[in-house]
Amino acid sequence: MKAILVDDEQMAVDFLEHLLKKNSDIDVIDKLTNPLMVRKKVQQLHPDVVFLDIEMPQVDGLELAEQLLSSHPFLQIVFVTAYNQHAVRAFEINALDYLLKPFSIQRLNKTVERLLAKVNGESKSMSSNNSLNNTLQINVCGSLSLTTSHGEKEVISWRTLKAKELFLYLLHNKEKLVQKSFLIELLWPDLDPEKAYAQLYTAVYHVRNVLKKYPSNFKIINTKEGYTLSTQNITIDIQLWKEKLELAPPMTINSIDRYVEIMDLYKGSYLEEHGYWWAENHQLQLEQVWLDYALKIDWKEQSYQEAKKWFKKVCDSHPENEEAHFILLKIYATTNDSINVERHYQNLKEFLHTEFGTKPHTDIRNWYSQWKKYN
């Protein structure tokens, strides 16, 4: 295993090299006291691990680690420092270990054991992933899941509900910087700042651990101000649905089946099972898009049976939409289905009275009165 050692003190890197040479599994390929050279050396030498000091005069070791991991996601970072106050942030960055000076050879050997297990495991994983098409579909209609390029559905197991919400909010704002202060207000508004930031760093750490299974699809970029979720080879079901609608042919009798097929891809409201307030506006927008297209579908006389099924589905999913109920009532009337006209009107009347304390729209009441007169 190839290692680069970084510390602004020459004696520190020499001593660490001396200890590591006692372990035949580690090959020290470079020692650096100038942290500004680290990124270049990692690019040239492709180490498996960087042993990195945190407090250096020219560069913050935590920020340097974040930069390295952004461009080399399989690189392992072991922080070596005399200060323990950085431990939470270190693990939030997804460091493999945190060695507090002075440490013993026994403690260092435990780190090396963890490194060997980690590097060997990720090497197999990367080899397996490289032989596959790594495209993922993220399903956010209803509840969260992933669909692989082989069509297999995966449900992610989250350590905490806050970690799950953190990921979904970053996904909601993917490729955009989300301020740490806003995430604190969103997820831990009642905690004092020190505890809240500790919770945030821990949650980010858990999210990173989950996303390590998909290294070619997700990357969390950390800055002093906040986080950005960058994605590659990703499709999102709700976006795919909207794109298909936008590319669909004009609405005609011949394209109805195509529209129904596309509309059926909408499996549920955006993240509806989670009840996040920040998703509500997007939920309403998408619901309105679905409803607008649902009401536009122009069923002709020879398709009245299908029209009944379709508008019954619309009424079931949007019981408050009186326009859909009115269309269905007219279809029942046109097909001389008097029993269902009566039943559906009374159900609508009862629903509106129970839920909203109102009556059906005047146009619907007038139409029903006229229909009743002749039937």
Side-chain angles (χ1 to χ4, degrees), residues 1-7 12-32 35 38 41-42 45-56 61-130 157-160 163 198 201-216 218-220 222:
M1 190 189 315
K2 298 185 293 183
I4 290 178
L5 316 183
V6 184
D7 198 303
V13 289
D14 289 343
F15 178 68
L16 181 55
E17 180 187 35
H18 170 71
L19 294 180
L20 287 171
K21 279 187 174 180
K22 295 181 181 181
N23 193 310
S24 59
D25 293 309
I26 298 290
D27 177 20
V28 178
I29 57 175
D30 210 343
K31 299 182 297 181
L32 301 172
V38 175
K41 287 291 185 178
V42 168
L45 302 176
H46 306 290
D48 299 298
V49 58
V50 174
F51 287 81
L52 183 61
D53 189 16
I54 293 179
E55 296 203 356
M56 295 178 285
L62 294 165
E63 291 183 15
L64 176 57
E66 189 69 37
Q67 294 166 8
L68 292 172
L69 290 171
S70 293
S71 52
H72 305 277
F74 284 95
L75 180 66
Q76 302 301 324
I77 300 291
V78 175
F79 287 111
V80 184
T81 180
Y83 305 95
N84 62 9
Q85 68 264 34
H86 304 296
V88 173
R89 275 199 68 202
F91 286 111
E92 178 263 338
I93 288 171
N94 211 22
L96 181 121
D97 210 344
Y98 186 92
L99 292 174
L100 193 61
K101 299 175 185 177
F103 50 84
S104 65
I105 185 66
Q106 290 81 10
R107 177 67 179 86
L108 182 60
N109 285 340
K110 286 184 180 180
T111 298
V112 174
E113 288 174 11
R114 292 185 67 193
L115 276 167
L116 288 170
K118 189 78 171 176
V119 171
N120 290 338
E122 291 195 347
S123 176
K124 290 177 183 176
S125 174
M126 185 163 57
S127 174
S128 173
N129 284 338
N130 286 341
S157 178
W158 297 93
R159 183 75 175 270
T160 66
Y201 297 146
T202 302
V204 172
Y205 172 71
H206 290 322
V207 172
R208 286 186 189 275
N209 272 343
V210 168
L211 299 185
K212 276 194 292 189
K213 185 178 178 182
Y214 314 100
S216 61
F218 300 103
K219 183 188 296 183
I220 294 181
N222 183 19

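More than 12 non-hydrogen atoms from other residues, nucleotides or ligands lie less than 6.0 angstrom from NZ of Lys101. Arg159 CZ: 12 or fewer foreign heavy atoms inside a 6.0 Å radius.
Taken to the nearest 0.5 Å, the CD1 atom of Ile29 stands 12.0 Å off from the CE atom of Met1. One distance of note links NZ of Lys41 with CG of Leu68; it measures 14.0 Å at 0.5 Å rounding. Rounding to the nearest 0.5 angstrom, the gap separating the CG atom in Leu99 from the NZ atom in Lys110 is 11.5 Å.
Among all heavy-atom pairs drawn from Ala82 and Leu100, the shortest one is C-CD1, 3.8 Å. Heavy-atom minimum distance, Pro47 versus Val50: CG-CG2, 4.3 Å. Taking all atoms of both residues into account, the shortest heavy-atom contact from Ile220 to Arg208 is O-NH1, 3.2 Å. Shortest non-hydrogen contact noted between Ser157 and Val210 is O-CG2, 3.9 Å. Closest non-hydrogen pair, Met56 versus Gly61, comes out as CE-CA, 4.1 Å. Of all non-hydrogen atoms in Val13 and Leu5, the two that sit nearest each other are O-CD1, 3.7 Å.
Shown are Lys213, His206, Lys212; of these, the side chain to side chain donor-acceptor pair (under 3.5 Å) with Asn209 is made only by Lys212. Each of Ile4, Leu16, Asp14 was compared with Lys31 under the side-chain contact (heavy atoms from CB on, under 4.5 Å) criterion, and only Asp14 meets it.
Taking the side chain as every heavy atom from C-beta outward, Asn222 and Tyr201 never approach each other to under 4.5 Å. No side-chain heavy atom of Val42 sits under 4.5 Å from any side-chain heavy atom of Gln67. Counting heavy atoms from C-beta on, the side chains of Thr81 and Asp53 come closer than 4.5 Å. Taking 4.5 Å as the limit, every side-chain heavy atom of Thr111 sits out of range of all side-chain heavy atoms of Phe103. At a threshold of 4.5 Å between non-hydrogen side-chain atoms, the residues Val207 and Phe218 do not count as touching. At least one side-chain heavy atom of Leu108 sits under 4.5 Å from a side-chain heavy atom of Phe51.
With hydrogens and angles disregarded, a donor-acceptor distance shorter than 3.5 Å links the side chain of Asp48 to the backbone of Lys2. Panel note: side chain Gln76, backbone Leu96; no donor-acceptor pair is recorded below 3.5 Å.
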Side chain to side chain contact (heavy atoms under 4.5 Å, CB included), that's the test. Do Asp97 and Arg107 meet it? Break it down for me.
CA-CA 11 Å; Asp97 210 344; Arg107 177 67 179 86; 2.9 Å; yes
I would like to know whether Glu17 and Lys21 meet side chain to side chain contact (heavy atoms under 4.5 Å, CB included); could you show each step before the answer?
CA-CA 6 Å; Glu17 180 187 35; Lys21 279 187 174 180; 3.6 Å; yes
